[in-house]
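Shown next, in structure tokens, is the structure this report addresses.
Any value given below was found using the heavy atoms of this structure, including those in side chains, with hydrogens, waters and symmetry copies removed.
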Amino acid sequence: MDRHRRPVDTSLWSLRPEFDPGKEECKSGHEAETVVLLSISLVSSPGDGALCQAFFNAIIPDHHAEAFSPPRLAPSGCVDQLVEGLLGGLSRWDAEHFLFIAEHGYLYEHNFAFFPGFPLALLVGTELLRPLRGLLNQRSCLLISVASLNSLFSILAAVALHDLGCLVLHCPRQAFYAALLFCLSPANVFLAAGYSEALFAFLTFSSMGQLERGRGWISGLLFALATGVRSNGLVSVGFLLHSQCRGFFSSLVVSNPLRQFFKLVASVCLSFLTLSLPFALFQYYAYTQFCLSGSARSIREPLVQLAMDKGYRIAEGNEPPWCSWDLPLIYSYIQDVYWNVGFLRYYEFKQVPNFLLAAPVAILVSWATWTYVTTHPWLCLTLGLRRNKNSKTLEKSSLGFLSPQVFVYLVHAVSLLLFGGLCMHIQVTPTSPASFARP
């Protein structure tokens with residue numbers, strides 16, 4: 001027997017079938033290459049994508065909704081008009097908020113619904129285009145940054161998902177199919193547009209992969225960066241918590257239980273602190289802008305006029321009501337007042353089409369949950385931390401979706417589905433990478 005071979009872990013919590021990383025982690029280099037090539041062809045073909053977008057923007061009139069549409073303050077030249085014609089479709093709806101924040105900062109109260117990670121990435125992209133400032137204005141540079149960076153982030157997200165699938169499913173073929181479906185999803189339009197989904201998916205999948213490799217510190221850092229991109233990154237603390245609890249049960253048979261318990265408590269507290277820090281800093285920044293006198297930024301006159309016409313609150317006006325709360329969170333206030341997000345608030349007859357739009361994802365997650373729970377009832381009852389005595393034979397055949405390691409990802413998907421169905425705008429459920437792109 002080879003003395004250098006890693007012994008098989010037979011502890012109570014170990015749920016991973018023995019596998020050789022060099023052989024299984026990604027033995028299919030051709031499949032990984034296919035994922036990259038497919039991603040490139042789908043989301044970053046500069047010629048076909050720009051031409052198709054310009055064509056449909058020209059023949060299909062825009063829907064005139066009461067959406068955020070700030071005035072264009074910078075002068076526009078011929079090259080800027082060309083960029084707007086080719087890439088302007090990427091700036092619709094919420095993308096306008098991200099572009100506005102990247103260009104002007106957080107001026108209006110409702111802008112704080114959008115976290116700063118993606119606008120900061122766009123600003124880095126515009127710095128790379130500094131030599132073209134003589135030809136392009138700031139908005140054109142931002143549109144080019146959106147198109148290029150989201151194409152890059154989408155490709156990296158697909159590769160990270162394929163890598164995560166290899167680690168969790170222990171089946172390279174199913175990992176490839178998961179990444180393939182991620183690339184082919186109709187909701188991928190939100191990965192290409194000026195939304196933060198692509199960056200969030202890349203950071204989340206990468207952090208999960210690092211956690212599966214046992215690199216908790218790197219995983220925690222990536223999860224924290226994802227929280228700085230989207231607020232639902234806070235939910236990812238569950239992955240760190242589950243991993244720490246699994247390590248706690250593993251160490252009980254060889255270490256001092258009391259010592260390991262205090263170590264677990266310290267790790268859990270550190271995980272909560274790390275992932276909540278970006279959220280807390282962002283809320284504090286909003287508090288300094290709207291609730292502390294003398295800290296407001298100067299605003300150009302056309303943007304002040306827009307606030308007066310539309311009823312947007314700026315920092316120089318009256319103090320908003322959330323400043324007097326015991327816990328002054330602008331994010332909760334915005335979701336309540338501006339987006340009408342709350343328990344069962346979306347259950348109206350006029351929203352039936354949106355519920356039908358979300359039905360396929362809801363049915364898929366429900367079916368997957370039923371299949372998994374009926375296959376591993378004891379594993380689910382013990383929250384994926386313990387296994388029964390007769391599970392060794394089962395685990396050898398439970399590869400792919402029925403792998404015991406999938407438990408925590410399924411719980412995450414179910415939690416997001418329940419929260420989205422009860423408290424959010426239901427139509428966002430199919431568009432969130434965090435809900436439909438699990439291995």
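Of the possible polar contacts, one joining the Gln283 side chain to the Ile330 backbone as a donor-acceptor pair under 3.5 Å is found. In this structure, Asn111 contributes its side chain and Tyr106 its backbone to no donor-acceptor pair below 3.5 Å. Using a distance-only test at 3.5 Å, with no hydrogens or angles considered, no donor-acceptor pair links the side chain of Ser219 to the main chain of Arg215. Looking at Ser403, its side chain never comes within 3.5 Å of a backbone N or O of Gly400 through a donor-acceptor pair. Not a single donor-acceptor pair under 3.5 Å links the side chain of Asp336 to the backbone N or O of Tyr333. Remark: the backbone N or O of Gly420 is not paired with any side-chain donor or acceptor of Tyr346 at under 3.5 angstrom.
Rounding to the nearest 0.5 angstrom, the gap separating the CZ atom in Phe239 from the OG1 atom in Thr204 is 8.5 Å. Here Leu180 contributes atom CG and Arg173 contributes atom CZ; the two are 11.5 Å apart, rounded to the nearest 0.5 Å. Atom CZ of Phe205 is separated from atom CZ of Phe200 by 9.0 Å, given to the nearest 0.5 angstrom. Between atom CG of residue Leu422 and atom CZ of residue Arg345 there is a gap of 14.0 Å, rounded to the nearest 0.5 Å. Rounded to the nearest 0.5 angstrom, Leu99 CG and His104 NE2 are separated by 10.0 Å. The distance from the SG atom of Cys141 to the CG atom of Leu123 is 11.0 Å, given to the nearest 0.5 Å.
Minimum heavy-atom separation, Pro278 to Ala224: CG-O, 3.3 Å. Taking all atoms of both residues into account, the shortest heavy-atom contact from Thr126 to Leu142 is CG2-CD2, 3.3 Å. The two residues Leu161 and Phe182 have their closest heavy-atom pair at CD2-CB, 3.6 Å. The minimum heavy-atom distance between His170 and Leu167, with the atom names listed, is CE1-O, 3.1 Å. When all heavy atoms of Ala179 and His162 are compared, the closest pair comes out as CB-CB, 3.8 Å. Here the closest non-hydrogen pair linking Asp80 and Asn137 is OD1-N, 2.9 Å.
Residue pairs that meet the side-chain hydrogen bond (donor to acceptor under 3.5 Å, both in side chains) test with at least one member in residues 273-282, sequence neighbours left out, do not exist here. The list of side-chain hydrogen bond (donor to acceptor under 3.5 Å, both in side chains) pairs with a residue in residues 356-366, not counting sequence neighbours, is empty. Listed by first and then second residue, the salt bridge (charged side-chain N to carboxylate O under 4.0 Å, His left out) pairs that reach into residues 400-423 come to none, sequence neighbours excluded. Within the structure, salt bridge (charged side-chain N to carboxylate O under 4.0 Å, His left out) contacts touching residues 100-126 (residues at least two apart or in different chains) are Glu109-Arg313.
Of the residues listed (Phe282, Phe112, Phe115), the one engaging Tyr331 in a ring-ring contact (aromatic ring centres under 6.0 Å, His included) is Phe115, and it is the only one.
Evaluation of the salt bridge (charged side-chain N to carboxylate O under 4.0 Å, His left out) rule for Arg259 yields no partner, not counting sequence neighbours. Scored by the side chain to side chain contact (heavy atoms under 4.5 Å, CB included) test, Ser415 finds Val411 as partners (sequence neighbours excluded). Under the ring pair (Phe, Tyr, Trp, His ring centres under 6.0 Å) criterion, Phe355 pairs with Tyr347, sequence neighbours left out. With sequence neighbours left out, the ring pair (Phe, Tyr, Trp, His ring centres under 6.0 Å) criterion links His110 to Phe68, His97, Tyr108, Tyr312, Tyr338. Applying the ring pair (Phe, Tyr, Trp, His ring centres under 6.0 Å) test to Tyr195 and every residue at least two apart in sequence or in another chain returns Phe190. Arg72 is linked by a salt bridge (charged side-chain N to carboxylate O under 4.0 Å, His left out) to Glu96, counting only residues two or more places apart in sequence or in another chain. For Arg133, there are no salt bridge (charged side-chain N to carboxylate O under 4.0 Å, His left out) partners at least two apart in sequence or on another chain.
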List the steps, then state whether side-chain contact (heavy atoms from CB on, under 4.5 Å) holds for Val124 with Leu120. CA-CA 6 Å; Val124 173; Leu120 288 174; 5.8 Å; no
Which is it for Leu211 and His242 under the side-chain contact (heavy atoms from CB on, under 4.5 Å) test, yes or no, and what are the steps along the way? CA-CA 11 Å; Leu211 188 61; His242 187 267; over 6 Å; no
Where do Leu87 and Val146 land on the side-chain contact (heavy atoms from CB on, under 4.5 Å) test, with the steps shown first? CA-CA 9 Å; Leu87 303 177; Val146 165; over 6 Å; no
Dump the intermediate steps for side-chain contact (heavy atoms from CB on, under 4.5 Å) on Val235 and Phe419, then the final yes or no. CA-CA 11 Å; Val235 184; Phe419 182 74; over 6 Å; no
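Using a 4.5 Å cut-off on side-chain heavy atoms (C-beta onward), Leu149 and Phe118 make no contact. Leu129 has its side chain within reach of Ser145: a pair of non-hydrogen atoms, C-beta onward, lies under 4.5 Å apart. Side chains of Met208 and His412 form a contact here, defined as non-hydrogen atoms less than 4.5 Å apart. By the 4.5 Å heavy-atom criterion applied to side chains, Leu416 and Val365 are not counted as neighbours. Trp322 places none of its side-chain heavy atoms less than 4.5 Å from the side chain of Leu329. You'll find the side chain of Leu240 reaches within 4.5 Å of the side chain of Leu275, heavy atoms only.
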Side-chain donor/acceptor pairs under 3.5 Å, residues 264-271, sequence neighbours excluded:
unit_1	atom_1	unit_2	atom_2	d
Ser267	OG	Lys263	O	2.9
Ser271	OG	Gln244	NE2	2.6
Ser271	OG	Ser267	O	2.9

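No hydrogens or angles considered: a donor-acceptor pair under 3.5 Å links the side chains of Ser91 and Arg139.
In this structure, Tyr372 and Phe401 have perpendicular ring planes: the angle between them is above 60°, well past the 30° mark.
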